[in-house]
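Notes follow once the structure below has been shown.
Naming convention: chains lettered A, B, ... in sequence-line order (proteins, then strands); numbering from 1 in each chain.
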Number of protein chains: 4
Amino acid sequence: MNTRSEIAVTKIRHAAAELLLADGPSAFSIDAVARRSGVAKTTIYRHFDNARELLVDTLSATLRPQPTPNTGGLRSDLEAFFQTEASTRELDELAQRLAGLLYSAVNDPSTNEVLGELVTAYTTPMRTIVELAQSRGEVDPGLDLDLAVELIQGPFLFGFLVRRRTYSPDDLATLLDHIVAGLTTRVAASAMD
Amino acid sequence: MNTRSEIAVTKIRHAAAELLLADGPSAFSIDAVARRSGVAKTTIYRHFDNARELLVDTLSATLRPQPTPNTGGLRSDLEAFFQTEASTRELDELAQRLAGLLYSAVNDPSTNEVLGELVTAYTTPMRTIVELAQSRGEVDPGLDLDLAVELIQGPFLFGFLVRRRTYSPDDLATLLDHIVAGLTTRVAASAMD
Amino acid sequence: MNTRSEIAVTKIRHAAAELLLADGPSAFSIDAVARRSGVAKTTIYRHFDNARELLVDTLSATLRPQPTPNTGGLRSDLEAFFQTEASTRELDELAQRLAGLLYSAVNDPSTNEVLGELVTAYTTPMRTIVELAQSRGEVDPGLDLDLAVELIQGPFLFGFLVRRRTYSPDDLATLLDHIVAGLTTRVAASAMD
Amino acid sequence: MNTRSEIAVTKIRHAAAELLLADGPSAFSIDAVARRSGVAKTTIYRHFDNARELLVDTLSATLRPQPTPNTGGLRSDLEAFFQTEASTRELDELAQRLAGLLYSAVNDPSTNEVLGELVTAYTTPMRTIVELAQSRGEVDPGLDLDLAVELIQGPFLFGFLVRRRTYSPDDLATLLDHIVAGLTTRVAASAMD
DNA sequence: TGTTAAGCGAGACGGTACGTCGCGTCTTAAT
DNA sequence: ATTAAGACGCGACGTACCGTCTCGCTTAACA
């Protein structure tokens with residue numbers, strides 16, 4: 001398909017992504033995208049309701065899910081997952097995009113829906129890792145997958161987004177050790193509380 | 001002290017907080033603050049370098065650290081900490097402020113410093129909780145406090161900021177169970193990696 | 001043509017002229033013109049580079065050249081010209097506009113060009129009067145037209161702008177008598193100096 | 001007298017004159033004068049009611065009257081007067097100051113009074129020149145001195161302020177020839193008109 | 001010789017205008 | 001019917017200057 005619309009939208013998306021990644025979110029504006037893409041502002045607004053929507057579209061386009069490792073063990077799956085992750089050097093850009101997305105989502109319900117879909121897509125590999133561990137008996141099959149994802153991803157999110165830190169291999173190992181220990185420990189029925 | 005400056009700054013801060021909490025961050029602007037506070041725009045700029053700075057000032061003013069519980073055990077300390085936290089209903093506002101802060105910090109170095117101080121202030125109670133647990137022998141005294149904080153706070157941050165969820169008492173208990181299990185498990189020297 | 005631009009520019013010019021004539025130049029500002037005209041400030045700046053340019057545009061729009069009398073004689077031509085002129089009661093306003101224009105021109109090169117064009121337009125009738133007198137033999141055909149204009153208009157400019165005076169018919173007659181006498185006298189070759 | 005007030009006023013005047021002459025009227029402001037003079041803004045306002053007053057004070061301080069030549073003849077007196085004048089290269093600055101003064105006077109009655117005094121002071125030499133010519137019989141003793149001054153100074157004012165031109169010696173001679181011719185011609189009783 | 005009041009510096013205040021940028025809407029003409 | 005081109009109203013941005021207003025500190029003159 002090469003309709004005029006599609007060509008225009010493609011140009012818009014390219015220009016938007018370039019602006020966002022090269023010059024940061026403060027350089028991102030409909031006017032700037034129009035200038036850079038050569039597409040008229042009117043046309044942009046025909047395809048994106050407002051600036052936030054284009055921003056979110058662009059942000060989410062740059063957040064690509066990880067592949068799902070399958071090494072046969074929880075600990076090594078997680079290592080594989082986060083090592084790939086940790087090898088990325090565009091952590092700063094990623095943080096910018098993620099923060100922008102969270103900020104938009106928190107202030108705008110429709111963006112929040114987009115975020116929901118993105119989170120689903122993004123956490124699917126992790127859910128699969130946990131499900132495999134559960135089927136292997138490493139993890140309590142009764143453990144809610146959402147909770148598991150939070151237990152695993154949460155510490156990294158905190159370090160990444162709040163502390164803006166990176167992990168040394170030692171730190172990464174320690175973190176994973178404790179996360180895996182927490183996950184694999186069978187826990188007393190919490191209904192006692 | 002009741003100098004003219006201090007009166008003006010107080011008025012500015014009040015108006016800024018009102019605007020931010022009542023009408024959301026999109027209603028926040030220097031002009032709006034000037035109008036609402038009755039303080040001249042010039043005066044605002046005399047005390048705050050730019051709009052972002054006033055925004056960050058306002059956001060951080062509304063993020064108040066938790067008290068540090070001391071119940072004699074890690075698990076019960078955490079319960080106390082998060083139950084207080086969880087009982088709050090202004091989670092949405094808190095999320096907005098936090099996301100705004102993270103978003104600003106990620107795009108502006110000077111804001112990032114402010115965030116750093118805030119994080120320090122905010123995580124101090126949690127560090128104390130962990131230190132007490134270490135002195136009691138519940139937690140490995142060799143565990144880095146930053147990592148510990150990430151292991152504890154991370155899952156909640158993920159749930160809170162990314163998933164925008166609240167926890168049922170059961171979920172909360174399960175989460176704490178696994179977190180505590182992870183923390184209290186002595187872990188083999190990670191130098192093996 | 002009734003394009004949007006032209007409508008806007010017309011509104012701007014009207015409001016600017018009203019402000020300038022009614023409340024004086026100190027009441028003239030882009031913001032005030034925007035308020036009164038109902039045209040957005042942005043739009044004003046789209047058509048006028050800055051406040052001074054709009055001011056000069058407005059000042060010059062209100063300076064309209066005189067018609068050229070042709071009575072058959074220099075003296076009576078001048079009488080006709082200045083009687084029309086002298087009958088005007090908006091001398092004060094005219095002085096304001098003229099002084100504003102001179103002041104702007106003297107401090108800004110681009111305004112000076114505008115002034116040059118205005119002066120050309122404004123002195124054309126007088127040049128014609130002199131040329132006719134030269135063709136009739138009343139005035140030395142070798143006399144530079146610029147000098148002639150200065151000789152004629154200069155005294156009135158001085159009285160009008162510096163002295164802020166008006167002329168009684170007697171005074172006017174005396175002035176014209178001497179001016180005409182000066183012009184019609186054949187003068188020795190000035191190369192003697 | 002070297003009271004504190006006088007020292008302050010002197011500093012203010014110096015700074016004001018420097019600013020006005022060096023950087024032009026657009027650089028002239030109370031704040032700038034305060035900065036440059038080291039005198040507090042408060043003190044400036046204690047001695048000058050407002051910015052315009054200080055501006056006019058400064059402008060008039062830089063306009064110094066010419067000496068009165070006395071060569072024994074009208075034509076040579078005028079030559080002497082205007083040659084001195086014409087030799088000055090600060091014509092541009094003079095034009096700026098004069099235009100500023102006229103502009104202020106035309107828009108503010110109290111400034112207009114100041115202008116009146118300045119004009120009187122400035123035209124006194126010319127009045128004296130004419131009076132001498134009248135006593136010599138060169139000029140009609142019945143000619144009003146104000147009119148005479150306008151006839152003489154007017155053409156130069158026009159050329160100077162409106163045309164921003166300078167005169168070649170030839171042009172100057174021609175101008176003076178015609179002016180003198182106009183002045184020395186006995187004119188029929190103008191009551192005929 | 002002290003005391004007191006005027007004048008001073010320092011600088012914040014409310015206010016208005018400046019000129020710029022981005023938003024989202026609208027109109028016109030070309031494709 | 002869709003697009004390009006670009007003006008429009010709106011409103012925030014951050015800056016400069018206006019003239020006013022405390023404040024203490026310093027002088028000078030008076031008691």
Seminar exercise, completed: Footprint ends on DNA chain F, 5' to 3', for atoms under 4.0 angstrom from a heavy atom of chain C, come out as dG6(F) to dG11(F)
Exercise. Nearest to the side chain of A51(A) - dG14(E), dC13(E), dC23(E)?
Worked result: dC23(E)
For this session: Please state whether the base of dG14(E) and the side chain of K41(B) form at least one donor-acceptor pair under 3.5 Å?
Result: no
Exercise. If you find the nucleotide of DNA chain E closest to S26(A) and the one closest to A8(B), which residue's nucleotide is nearer the 5' end?
Worked result: A8(B)
For this session: May I have the distance from D49(C) (atom CG) to dT20(E) (atom C1'), rounded to whole angstrom?
Result: 13 Å
Pairs of donor and acceptor atoms involving the side chains of residues 11-24 of chain D, under 3.5 Å and at least two apart or interchain, shall be tabulated with distances.
unit_1 : atom_1 : unit_2 : atom_2 : d
R13(D) : NE     : D57(D) : OD1    : 2.8
R13(D) : NE     : D57(D) : OD2    : 3.4
R13(D) : NH2    : D57(D) : OD2    : 2.8
E18(D) : OE1    : R36(D) : NH1    : 2.5

Seminar exercise, completed: Rounded to whole Å, the NE2-P distance (H47(C) to dG19(E)) equals 16 Å
Exercise. Over how many whole Å does the gap from N50(C) atom CG to dT20(E) atom P extend?
Worked result: 8 Å
Exercise. Just how far, in rounded Å, is P of dG14(E) from CD1 of I30(B)?
Worked result: 14 Å
For this session: Would you kindly say whether E113(C) and S110(C) are connected by a side-chain donor-acceptor distance under 3.5 Å?
Result: no
Exercise. Choosing from dG14(E), dT27(E), dG15(E), which nucleotide comes nearest the side chain of V39(B)?
Worked result: dG14(E)
For this session: Could you please name the option among dA12(E), dG14(E), dC23(E) that lies closest to any side-chain atom of T43(B)?
Result: dG14(E)
Problem set entry | Integer-rounded Å distance: dC23(E) C1' and R52(A) CZ | 13 Å
Problem set entry | Taking every non-hydrogen atom, the tightest pair across P25(B) and N107(A) | CG-OD1, 3.1 Å
Seminar exercise, completed: Taken to the nearest whole Å, CD1/I12(B) to P/dA12(E) is 13 Å
For this session: Give the rounded distance in Å between these two atoms: CG of L55(C) and P of dA17(E).
Result: 15 Å
Problem set entry | Between dT20(E) (P) and I44(C) (CD1): distance, integer Å | 13 Å
Problem set entry | Closest non-hydrogen atom pair between I44(B) and L54(B), with its separation | CG2-CD2, 4.0 Å
Exercise. Can a donor-acceptor pair under 3.5 Å be found between the side-chain atoms of T42(D) and the base atoms of dA10(E)?
Worked result: yes
Exercise. Which is true for A32(C) with a 4.0 Å heavy-atom rule: it touches a base, it touches only sugar-phosphate, or it touches nothing?
Worked result: nothing
Seminar exercise, completed: Scanning both residues in full, the closest heavy-atom pair of D49(B) with E53(B) reads N-OE2, 3.3 Å
For this session: Using a 4.0 Å heavy-atom cut-off across all strands, classify R35(A) as base, sugar-phosphate, or nothing.
Result: sugar-phosphate
Problem set entry | Side-chain donor-acceptor contact under 3.5 Å, S29(B) with D31(B) | no
For this session: Find which nucleotide of DNA chain F each of Y45(B) and R4(B) is nearest to by heavy atoms, and output the residue with the more 5' nucleotide.
Result: Y45(B)
Exercise. At their closest point, which heavy atom of L101(B) faces which heavy atom of T111(B), and how far apart are they?
Worked result: O-CG2, 4.5 Å
